[in-house]
Structure formats: structure tokens, C-alpha cells
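Down below is the structure, laid out as C-alpha cells.
Naming convention: chains lettered A, B, ... in sequence-line order (proteins, then strands); numbering from 1 in each chain. Values reported hereafter were calculated over all heavy atoms of this structure, with side chains retained and with hydrogens, waters and symmetry mates removed.
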Number of protein chains: 2
Amino acid sequence: MGKQTTEMLKGTLEGVVLAILAGQPAYGYEITAWLRNQGFSDIAEGTVYALLVRVEKRGLVDVAKVPSEKGPPRKVYSLNDQGREYLEEFWAAWRFLSERLERLREGGR
Amino acid sequence: MGKQTTEMLKGTLEGVVLAILAGQPAYGYEITAWLRNQGFSDIAEGTVYALLVRVEKRGLVDVAKVPSEKGPPRKVYSLNDQGREYLEEFWAAWRFLSERLERLREGGR
DNA sequence: TACTGGTACATAGTAACACTGAATAGAAGA
DNA sequence: TCTTCTATTCAGTGTTACTATGTACCAGTA
């Protein structure tokens, strides 16, 4: 995935995960698998779990423990109102950065 | 500027500065002023100087000391070949992330 | 002279975040 | 029993941007 991508993920990975949860509730293992499937090949499981703990502590998600057919019970996360609000701010920040980067890429210093 | 933007800058600010230097050589104070002018209102001077020291150590830029009419001499940085190569990788990483984020924003989970 | 303000660079300490690596645990199949 | 998925957790590390402060040079002004 490259070191540059890793550093870029700081600050955006959280938004990515919240955006996934905005689509539908999900649990850690599932999210990790989805990310890897999308090309974030080097995402460590530990990274996702730590992130989920963080957003839970901040009250951006609700959690439900759901028994699994295979393996230990899942912790299913869903975005709550506060999380949705936070996600909006994330998109605003993303737009801000994205616009400036695109301008730079086109050489428009 | 917001906390989210700050976290997002990690990993991208470096690319932004290198992209500026790709346009033309510049010195720290100038770069800081330019960034603030572009809406990165909270960029601390110290941040830019530390970043420039970093990229210099990694050999991505060349440095020339140029006397200033006002104040102490300027350290003018210019992107070298290695820096240009690194910048290419940065844009590749940016495209990668950008594509996936845009897809997510459109709800296309 | 002393003071202010703009230019220009530097750095010690802190917080946030993703990664590494390892451990734990349940269930199914060889 | 041993392996292999599934699923979560956590201690330790490295990178990066911020805060806050300090240094230094020059010009204008009271």
C-alpha cells in the first residue's frame, strides 16, 4: 500500500469507517475485510479495532453484541446522530483539502 | 480550520509543500504565508520549518542560503529529482485515496 | 537611544493516530 | 488433537502536526 498512503490515512481512515457505518451497521472483522477488499491491503486488524473503540468512547456510534454462528460474539457498531453530524464535518474537511490538492496538482499554484 | 482538517493534514501537508516547490523554489516563511492565504489558516510556522528539515534530511530538496533585504537570510528550497519521484508517489497515493473516498461519499458502499 | 513591528528560522514538548506483534477465544473440520 | 477460520483486544513504536517560545536581523519612529 505504500508508506505515503499509510500516513495519509491518518485522519481519513476514521471518516472512511464512519462512512461505511452510515451505509449500514457492521462489526470490526467485517469492516477490516471490506477495507482490504477495497485495496487498503495493509490495514491491520488492530488498527480498525482501536479506531472503533475510539469512536465509541466519543459517542459517535452505538454498539450491540450479537452472537455469531462461528467464533466469539460480534460487536456490531451503528452510526448515531452525533456520529452523523461528525461525518458531515468530515466531508466538509475532505472537500476543503481535496479542492486545494486538485488545484495544486493542476499546477495552479 | 478544525480538528478533522488537522488530522487529515498528516501525510498530506508534506505533499502539498513538495507540490509548491515543484512549481518554483521557495523558503519557509513564504510557504507558510502561501498556505495561510489558501485557507490553511492555522498552519503554525514551526510546522512548516520542521517539515522542511525533514524533507531535506531525506534528500528530497536542495537548499540555498540567500540573503534577504529584510531580516535574516532565507533558506530557499527547491525540489530535486528524488523529490520529484517522491511527489509522483504522493499523487498516486492521493488518487488511490481520493477515488475510494468519492465512491464512499456517493453512498456506493 | 529605546521601542515597535515585520521578516525569517529553530526547537522542545505534547497529542493523535496507524502499525507491529502477540495473545485470547469460540467453532468447525481433517 | 491440530489446524483453520472467525472475532476481539492490547502493549509498544514511529510519524506527524501543534503549541509555545526563543533567536536574530532590519527599518521606522518617538
Side-chain angles (χ1 to χ4, degrees), chain A residues 1-18 25-36 40-58 60-61 63-77 86 90 93 97, chain B residues 1-18 25-36 40-58 60-61 63-77 86 90 93 97:
Chain A
M1 210 171 58
K3 201 207 149 223
Q4 301 231 38
T5 310
T6 290
E7 283 307 321
M8 252 183 231
L9 275 181
K10 293 190 181 178
T12 56
L13 183 58
E14 192 177 285
V16 168
V17 170
L18 293 180
Y27 54 97
Y29 192 80
E30 188 185 11
I31 293 171
T32 305
W34 185 87
L35 286 170
R36 287 185 172 156
F40 297 99
S41 47
D42 297 351
I43 292 283
E45 286 198 283
T47 299
V48 174
Y49 286 113
L51 190 158
L52 288 170
V53 167
R54 231 154 51 219
V55 294
E56 184 188 351
K57 265 186 190 152
R58 282 203 230 126
L60 306 178
V61 292
V63 192
K65 204 156 228 171
V66 178
S68 163
E69 317 84 46
K70 301 182 75 169
R74 298 164 175 167
K75 284 178 77 176
V76 175
Y77 294 85
Y86 189 82
F90 169 79
L97 193 58
Chain B
M1 213 172 54
K3 201 206 148 225
Q4 301 231 40
T5 308
T6 289
E7 284 307 321
M8 254 183 229
L9 274 182
K10 294 190 180 177
T12 56
L13 183 59
E14 192 177 284
V16 168
V17 170
L18 293 180
Y27 54 97
Y29 192 81
E30 190 184 10
I31 294 172
T32 305
W34 185 88
L35 286 170
R36 287 184 172 155
F40 297 99
S41 47
D42 297 351
I43 291 284
E45 283 197 272
T47 298
V48 174
Y49 287 114
L51 190 158
L52 288 171
V53 168
R54 234 154 49 217
V55 294
E56 185 189 351
K57 266 186 190 153
R58 284 204 227 124
L60 306 179
V61 293
V63 193
K65 205 155 227 171
V66 178
S68 164
E69 315 86 46
K70 301 182 71 167
R74 299 165 173 167
K75 283 179 76 176
V76 175
Y77 294 84
Y86 189 82
F90 170 80
L97 193 59

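- Comparing atom distances between the A:Tyr29 side chain and each of D:dA17, C:dA8, D:dT6 picks out D:dT6 as nearest.
- Among the atoms of the strands shown, base atoms are found under 4.0 Å from some heavy atom of B:Gly46.
- Between the CD atom of B:Glu69 and the C1' atom of C:dA8 there is a distance of 12 Å, rounded to whole Å.
- Regarding A:Glu14, its CD atom lies at a distance of 16 Å from the C1' atom of C:dC19, rounded to whole Å.
- OP1 and OP2 of C:dC9 both lie 4.0 Å or more from every side-chain N or O belonging to B:Arg74.
- Between A:Tyr49 and D:dT9, a side-chain N or O to OP1/OP2 separation shorter than 4.0 Å is absent.
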| message | Under the criterion side chain to side chain contact (heavy atoms under 4.5 Å, CB included), I'd like the reasoning laid out for A:Leu35 against A:Leu13: C-alpha separation, chi angles, the key distance, then a yes or no. | response | CA-CA 10 Å; A:Leu35 286 170; A:Leu13 183 58; 4.1 Å; yes

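- An OP1 or OP2 oxygen of C:dA18 is reached within less than 4.0 angstrom by no side-chain nitrogen or oxygen of A:Thr6.
- With rounding to whole Å, A:Lys57 atom NZ is found 12 Å from D:dT9 atom C1'.
- A sub-4.0 Å separation between OP1 or OP2 of D:dA7 and a side-chain N or O of A:Ser68 is present.
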| task | Walk me through it: do A:Leu52 and A:Val17 pass the test side chain to side chain contact (heavy atoms under 4.5 Å, CB included)? | result | CA-CA 8 Å; A:Leu52 288 170; A:Val17 170; 4.1 Å; yes

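- Contact detail for B:Thr5 and A:Ala93: the closest heavy-atom pair is OG1-CB, 3.5 Å.
- To the nearest angstrom, P of C:dA25 lies 21 Å from OH of A:Tyr27.
- At the phosphate of C:dA10, OP1 or OP2 sits under 4.0 Å from a side-chain N or O atom of B:Lys75.
- In this structure, A:Asp42 atom CG and C:dG21 atom C1' are separated by 15 Å, rounded to whole Å.
- Dashed line: the shortest gap from a side-chain N or O of A:Lys3 to OP1 or OP2 of D:dT16 is under 4.0 Å.
- Residue A:Gly71 is the one, among A:Ala50 and A:Gly71, whose nearest nucleotide of DNA chain D lies closer to the 5' end (criterion: closest heavy atom).
- The side chain of B:Arg54 places no N or O atom within less than 4.0 Å of a non-bridging phosphate oxygen (OP1 or OP2) of D:dT15.
- Each of B:Glu45 and A:Ala44 was assigned the nucleotide of DNA chain C with the nearest heavy atom; the assignment lying further toward the 5' end belongs to B:Glu45.
- Looking at which nucleotide of DNA chain C each of B:Pro73 and A:Pro72 is closest to, the 5′-most match is held by B:Pro73.
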| Does the pair A:Arg74 and A:Tyr29 meet the rule for a side chain to side chain contact (heavy atoms under 4.5 Å, CB included), with working shown? | CA-CA 8 Å; A:Arg74 298 164 175 167; A:Tyr29 192 80; over 6 Å; no

| task | Would you please test B:Phe90 and B:Glu14 for side chain to side chain contact (heavy atoms under 4.5 Å, CB included) and show each step? | result | CA-CA 9 Å; B:Phe90 170 80; B:Glu14 192 177 284; over 6 Å; no

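- Between A:Met8 atom CE and D:dT15 atom P there is a gap of 17 Å when expressed in whole angstrom units.
- When all heavy atoms of A:Pro73 and A:Lys65 are compared, the closest pair comes out as CB-CG, 4.1 Å.
- At the heavy-atom level, B:Lys10 lies under 4.0 Å from base atoms of the strands shown.
- When heavy atoms are screened at a 4.0 angstrom cut-off, B:Leu52 is found touching no nucleic acid atom at all.
- Between C:dT11, C:dT7, C:dC19, one nucleotide has an atom nearer to the side chain of A:Ile43 than all others, and that is C:dC19.
- Rounded to an integer number of Å, the gap from CD of B:Glu7 to P of C:dC17 is 4 Å.
- In this structure, A:Lys70 atom NZ and D:dT3 atom P are separated by 18 Å, rounded to whole Å.
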